[in-house]
Amino acid sequence: MWLIDSSIGRKVVMSVTGAALILFLTFHMAMNCVALISGEAYNVICEFLGANWYALVGTAGLAVLMVLHFVFAFWLTIQNRKARGNVRYAVSERPKSVEWASQNMLVLGIIVFVGLLVHFANFWSKMQLQEIIHGTNFVAGQNGPTDGAFLIQYTFSQWYYVVVYTVWLAALWFHLSHGFWSMFQTVGWSGSKWQRRWQVIGNIYVTLVILGFLSVVYFYFFKSLC
Amino acid sequence: MEKNISFKLKIWRQRGPKEKGQFKVYEMKDIPTDTSFLEMLDILNEQLINAGEEPVVFDHDCREGICGMCSLYINGHPHGPATGATTCQLYMRRFKDGETITVEPWRSAGFPVIRDLMVDRRAYDKIMQAGGYVSINTGGVPDANAIPISKEKADLAMDAASCIGCGACVAACKNGSAMLFVSAKVSQLALLPQGQVEAARRAKAMLSKMDELGFGNCTNTRACEAECPKCISISNIARLNREFIAAKLSD
Ligand code: HEM
């Protein structure tokens, strides 16, 4: 199967799973921004999704994408380190046109993954998980498994979560500042003109998505201060 | 303007492929800045031979930037600090008096060290043998203008064909990937009607040879393009990806 046993095929898996994850992030960010306007409206979306069959299918799909992206990331990185050989250069300089992020995708990905675990503990385990197992392990004050607005308010009134989420989103920004144009290059939808264009489009797109997420974090943080 | 400089050379010495290597430092005195880097190494080797020591082994041939034989990872860059130039086109005026110049061989599992600064680059020949040619019977020689080719295509094919196969892309790549080389060799033919007949087979054969020989996966860092002495663009890699994916999808 060429997606597994050729180098370009393995990269196509990274590219397609990455693209699907970016689409999901875009949806998630748009949904979060509703919480800037009204907590009640946000909870309506939470109820709509909840643990309904389509939300569960979506979650399972995302889990598969994440696992594939994660496993291939380690697989590719191990192969690449082996291809580099055992002896490292004594002196090595990064040319100006090489982005820092492009050479540190695995490290950035690992930070993103750890952030994801924190995020699951903060939200998913108190919401969809409780609904699936019919549990009641809620945070004091949380009004049922679909009270997302309360959890946002609760989480981001604690300053250390604000720090953790900021670092997490910054790592994601760096990952995607390279990943965005790279995924087009990988599937061959690029050239000398489009490479530059994708890079610019990617920087704008990714910055907007990350700012969308950050705005909710800081909106609720500052709200908790007043 | 010519002047003389003195500097330290920190050079990788390794007696054979299986032996352990290490750096050795040599003092170079009063070298004119108009000396080319390889001439400077010749001067060093003369000194070593006169002192009864083993000369430093390094690859070189045409010394005018077209054969692709010279290599050397100098101060953290394949072919040294100059851009768009090979080591043989590098002059000592690029360096400062009193500097330490570190010279290493290409480091990649695909290019094992033979001795000192010389590496085995036959892997590239094997990739070429896997499909980097046109083998269809073209019949008699057609008139030069019988097959129209647009100026744009001709230019792109010529740009790709300027690859000299030196291996700087692999040396520069943190993944030891040969994608820039393979993509240039695929592109120079895929862009022209003569090469299109076998394009799908070629892309598959050359890529699987590259994978088989232990080169890494491309992660689009662009280090290859930045260090390539012929400034081959990564748009060739996008073309190779396109050719390869299309070939696999139509299998
Ligand atoms: C929401 C989460 C994530 C998104 C949206 C995402 C997106 C992307 C995209 C678009 C690419 C470019 C693919 C290409 O070059 O063709 C990429 C590459 C990469 N990702 Fe992620 N990623 C995410 C999480 C992770 C995680 C958790 C890890 C690892 C632990 C990871 C590791 C990598 C690595 C190592 C690469 C470079 C692979 C290569 O170029 O060969 N990513 N990612």
Side-chain angles (χ1 to χ4, degrees), chain A residues 1-3 5-16 72-73 75-106 178-196 198-199, chain B residues 10 12 21 23 73-77 81 83 100 102 104-113 156 170-179 203-204 207-208 210-211 214-223 225-227 233-235 237-249 251:
Chain A
M1 178 61 184
W2 67 282
L3 289 173
D5 53 32
S6 75
S7 59
I8 294 180
R10 287 187 289 268
K11 279 302 308 275
V12 168
V13 173
M14 283 310 280
S15 168
V16 172
F72 273 66
W75 188 19
L76 285 166
T77 308
I78 290 167
Q79 283 189 327
N80 291 346
R81 284 191 66 88
K82 222 172 105 198
R84 197 72 178 94
N86 297 325
V87 192
R88 308 271 127 186
Y89 288 117
V91 182
S92 145
E93 251 179 45
R94 179 161 55 90
K96 275 188 227 48
S97 54
V98 175
E99 308 149 286
W100 171 83
S102 73
Q103 301 196 311
N104 293 281
M105 289 296 273
L106 187 72
H178 173 69
F180 191 93
W181 75 263
S182 179
M183 70 189 179
F184 289 102
Q185 169 83 9
T186 298
V187 295
W189 194 9
S190 188
S192 42
K193 279 202 195 106
W194 275 96
Q195 193 277 324
R196 298 281 308 135
W198 287 131
Q199 212 167 359
Chain B
K10 193 175 158 199
W12 184 259
F23 282 104
Y73 201 85
I74 304 162
N75 280 354
H77 295 281
T83 46
T100 299
T102 308
E104 303 172 70
W106 286 174
R107 297 227 184 270
S108 149
F111 291 157
V113 172
L156 287 173
V170 172
C173 178
K174 86 185 218 320
N175 311 320
S177 172
M179 284 287 273
K204 284 186 286 184
L207 191 92
S208 74
M210 172 192 122
D211 290 346
F215 292 101
N217 309 280
C218 173
T219 65
N220 304 325
T221 70
R222 307 182 71 185
E225 167 186 76
E227 302 286 15
S233 157
I234 59 158
S235 58
I237 297 184
R239 184 176 300 105
L240 168 62
N241 291 344
R242 216 154 48 227
E243 294 275 330
F244 182 84
I245 293 168
K248 283 295 178 185
L249 290 180
D251 265 355

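Sequence lines set the chain letters: A, B, ... in the order given, protein chains first and strands last, and positions in each chain run from 1.
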>> Just verifying a value: how many Å separate B/N241 CG and A/S15 OG, rounded to the nearest 0.5 Å?
In response: 9.5 Å

> Quick one: what part of B/L240 sits under 4.5 Å from any heavy atom of chain A, side chain, backbone, both or neither?
Replying inline: both

> For B/E243, is it the side chain, the backbone, both or neither that has a heavy atom under 4.5 Å from a heavy atom of chain A?
Replying inline: neither

> How are the rings of A/Y89 and B/Y73 set to each other: parallel, tilted or perpendicular (split at 30° and 60°)?
Replying inline: parallel

> Where does A/T186 contact chain B at under 4.5 Å (heavy atoms): side chain, backbone, both or neither?
Replying inline: both

> Which pair of non-hydrogen atoms, one from B/G176 and one from A/R84, has the smallest distance, and what is that distance?
Replying inline: N-CD, 3.9 Å

>> If we define contacts as heavy-atom pairs under 4.5 Å, which of B/S108, B/G216, B/S177 has the most with chain A?
In response: B/S108

>> Does any backbone or side-chain atom of A/V12 lie under 4.5 Å from a heavy atom of chain B? Answer side chain, backbone, both or neither.
In response: side chain

>> To the closest 0.5 Å, what do you measure between CZ (B/R222) and OG (A/S102)?
In response: 9.5 Å

> With a 4.5 angstrom heavy-atom cut-off, which part of B/F23 approaches chain A: side chain, backbone, both or neither?
Replying inline: side chain

> Using non-hydrogen atoms only, which part of B/V170 is less than 4.5 Å away from chain A: side chain, backbone, both, or neither?
Replying inline: backbone

> Taking B/N75, B/T102, B/I234 one by one, which has the highest count of heavy-atom pairs under 4.5 Å against chain A?
Replying inline: B/I234

> B/S235 and A/S192: which non-hydrogen atoms are nearest, and at how many Å?
Replying inline: CB-N, 3.4 Å

> Around atom CG of A/N86, are there more than 12 heavy atoms of other residues, nucleotides or ligands at under 6.0 Å?
Replying inline: no

> Checking B/P81 against chain A: side chain, backbone, both or neither under 4.5 Å from a heavy atom?
Replying inline: neither

>> Heavy-atom cut-off 4.5 Å, strictly under: side chain, backbone, both or neither for A/R94 against chain B?
In response: neither

>> Please report the interatomic distance OG1(B/T219) to CG(A/L76), rounded to the nearest 0.5 Å.
In response: 9.0 Å

> With only heavy atoms counted, which part of A/Q185 is less than 4.5 Å from chain B, the side chain, the backbone, both or neither?
Replying inline: both

>> Restricting to non-hydrogen atoms, name the atom on A/V87 and the atom on B/R107 that form the minimum distance, rounded to 0.1 Å.
In response: O-CD, 3.1 Å

>> If you count heavy-atom pairs within less than 4.5 Å of chain A, which of B/P112, B/A171, B/G110 leads?
In response: B/A171

>> Treating A/Q103 as the side-chain partner and B/T221 as the backbone partner, does any N or O pair qualify as donor plus acceptor under 3.5 Å?
In response: no

> Do you know which of A/H178, A/M14, A/Q79, A/M105 has the most heavy-atom pairs with chain B at a distance under 4.5 angstrom?
Replying inline: A/H178

>> To the nearest 0.5 Å, what is the distance between CH2 on A/W75 and CG on B/N217?
In response: 8.5 Å

> Hey, which of A/A101, A/G85, A/G191, A/S7 has the most heavy atom pairs under 4.5 Å with chain B?
Replying inline: A/S7

> Any sub-3.5 Å donor-acceptor pair from A/R81's side-chain atoms to B/K174's backbone N or O?
Replying inline: no

>> Looking at every non-hydrogen atom in both residues, tell me the closest pair between B/L249 and A/W2 and how far apart they are.
In response: CD2-CZ2, 4.0 Å

> Taking the six-membered ring of A/W194 as reference, does the NZ or CZ atom of B/R242 fall below 6.0 Å from its centre and within a 45° cone about the axis?
Replying inline: no

>> Minimum heavy-atom separation for A/G9 and B/F244, please, with both atom names.
In response: N-CE2, 4.4 Å

> Which value, rounded to the nearest 0.5 Å, describes the distance between A/I8 atom CD1 and B/M210 atom CE?
Replying inline: 7.5 Å

> How many angstroms lie between atom CG of B/N175 and atom OG1 of A/T77, to the nearest 0.5 angstrom?
Replying inline: 8.0 Å

>> For A/K82, which atoms come within 4.5 Å of any heavy atom of chain B: side chain, backbone, both, or neither?
In response: backbone

> Do side-chain atoms of B/D211 reach the backbone of A/S6 as a donor and acceptor pair under 3.5 angstrom?
Replying inline: no

>> Looking at every non-hydrogen atom in both residues, tell me the closest pair between B/A226 and A/S97 and how far apart they are.
In response: CB-OG, 3.4 Å

> Under 3.5 Å, side chain of A/K11 to main-chain N/O of B/C218, donor-acceptor pair present?
Replying inline: yes

